[in-house]
Each structure stands twice: as structure tokens, then as C-alpha cells.
Amino acid sequence: MGALTHASLVEYLLEEAYELAETIEAGTPADSGQVAERAAQAAGIDDAELCGELGDVLLQVVLHARLAEERGAFAFDDVARGLAAKMVRRNPHVFRPDGSLQDSFPASIEEIVQTWDAVKRTERPGRASPFEGIPQALPALARAQKSLDRAARAGLALPPAGPAPQTEDELGDLLFGVVRSAAAGGLDAERALRGAIRRYQQQDAPEPRPAATPLP
């Protein structure tokens, strides 16, 4: 193996993240849709395995931070401090400006989302579209879900909905069947969905927002 670089570590970061997701999902049935039910199912997760996989993901963060420190950019402590500051800034319903907890958390979920989005807009005043910042490297299904979530929060028109399965198992079977039909017809389902996302984003690109003053 050659010298470690940010680029050479990407494949390991992705691999460790997928292994962590697999560990979590292996102990959480897909159809435990309610929050309380999912919490109850946490007992099915292998905690020792989960702890190990979380450590593997954290190691990737440590390695990237170390590489940055060696070139004089930032260190792991800067990453942690930046994350803490972001959480305080984006969650005023939870934290006071000094980072201490609020006495109560009266905000509704809708108010929390609106505040989060408003703060993000001030942090990135140059973004003209709610779709900016969605990683192009995401798998097509993840990009589609993220794009629809961003569009709904921005008040954009959503594309027509398809059949509505009642469970994640039914949804998985439906998607699997679509992929099988696509393959039988010589079509690439992943590429087709990427194209649909691209057409939707271009069609529904909103007008640029007025520039906002960045937070200090």
C-alpha cells in the first residue's frame, strides 16, 4: 500500500460506513416502522459488533484529520469543535448560544426543520437551489429520496406518486421487481433513475434566493 491520502482512503470510509449500516439493519427488522417499535428492536442489535463498526468509522475520521493536521490545515480537535458549534447554531430550540441546554424544548418538528433550513441558508448564501449539496456519488435511490425531501421542504411541486406499499418489505419487493423488469428489457435501472432525478431537478430548479448574511 502506498502513502495514505484523502483520496486513497475514500473507499475504506465508504466500506466501513456500509458495514456499520449492515450491522444496524441486521438487528432491526425493516417493518419496525414506528419509533417506539424500532427502539424496542434495538435489543436485536449485536452491541459488540456495533461498537466495533463505530470504531472503524471513527478511525477513518481520525485518519483524515491526521492527514490534514500534517499539512497544517486542521486537527481532530478542530473537527470536534466545528461540529459542536454547528449543532448549537442549528438547534437554538435545544441550546443557548453559549452551548448550555435550554430549560425546555417547546418547538414542534416543523419548527425545528424550518429553523434548521433557515440557518443552513445563512451558512451557504450562494446556494440557489435546494438540490445543491446533494452528493452526485450517492446511489440513485438515496439521491432520489434526498431530492424529494429537499423539494418538499422548499415547497416545490413533487412528481406523481406511484403505488404505495404498506411495509418496507413490500416496497423492497416492488423495487426488486422493477429492477428485474428493467434488466429483462435491456435497461439500466440505476442510470434510468439518475436520469429521472436530473430531469426533475432541472425542471423544478427554483429562482435564486436573495443573498443572506453568513453567521459569524
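These values consider heavy atoms only, across backbone and side chains, with no hydrogens, waters or symmetry-generated copies.
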Can you name the closest pair of heavy atoms from [X] and [Y] and give their distance?
X	Y	value
V119	R89	CG2-O, 3.7 Å
V88	P97	CG1-O, 3.9 Å
L50	I24	CD1-CG1, 3.8 Å
R153	V113	NE-CG1, 3.5 Å
A140	R194	CB-CG, 3.9 Å
L158	A152	CD2-N, 4.0 Å

### Summary
Sorted by chain and number, sequence neighbours left out, ring-ring contact (aromatic ring centres under 6.0 Å, His included) with H6 holds for H64
### Query
Would you say the side-chain atoms of T167 and D169 include a donor-acceptor pair closer than 3.5 Å?
no
### No-hydrogen, no-angle side-chain donor-acceptor test under 3.5 Å, Q201 and S129
no
Less than 4.5 Å apart, side chain to side chain, heavy atoms only: is that true for [X] and [Y]?
X	Y	answer
L83	V79	no
V94	Q102	no
Q114	D117	no
I134	R150	yes

Residues two or more places apart in sequence or in another chain: which of them pass side chain to side chain contact (heavy atoms under 4.5 Å, CB included) with [X]?
X	answer
P159	L148, Y200
E11	none
L187	A182
E19	E15, E16, E53

### Message
Other members of the hydrophobic cluster containing F176, with the 4.5 Å side-chain heavy-atom rule, please.
### Response
none
### Query
Rest of the hydrophobic cluster containing L193 (Ile/Leu/Val/Met/Phe/Trp/Tyr, side-chain heavy atoms under 4.5 Å)?
L141, L171, L175, I197
### Message
Taking salt bridge (charged side-chain N to carboxylate O under 4.0 Å, His left out) as the definition, give me every residue that meets it alongside R124, ordered by chain and number, with sequence neighbours left out.
### Response
none
### Task
For D103, check salt bridge (charged side-chain N to carboxylate O under 4.0 Å, His left out) against everything at least two apart and list the hits.
R96
### Query
Can you name the residues that form a side chain to side chain donor-acceptor pair (under 3.5 Å) with D173, not counting sequence neighbours?
none
### Task
Could you tell me which residues satisfy side chain to side chain donor-acceptor pair (under 3.5 Å) with R66, sequence neighbours excluded, listed by chain and number?
E69, E70
### Task
Quick one: which residue pairs count as a ring-ring contact (aromatic ring centres under 6.0 Å, His included) with a foot in residues 87-129, not counting sequence neighbours?
none
### Lys/Arg N to Asp/Glu carboxylate O, R81 vs D78, below 4.0 Å
yes
### Task
Determine, for K86 against E123, whether the closest basic-nitrogen to carboxylate-oxygen distance falls under 4.0 angstrom.
no
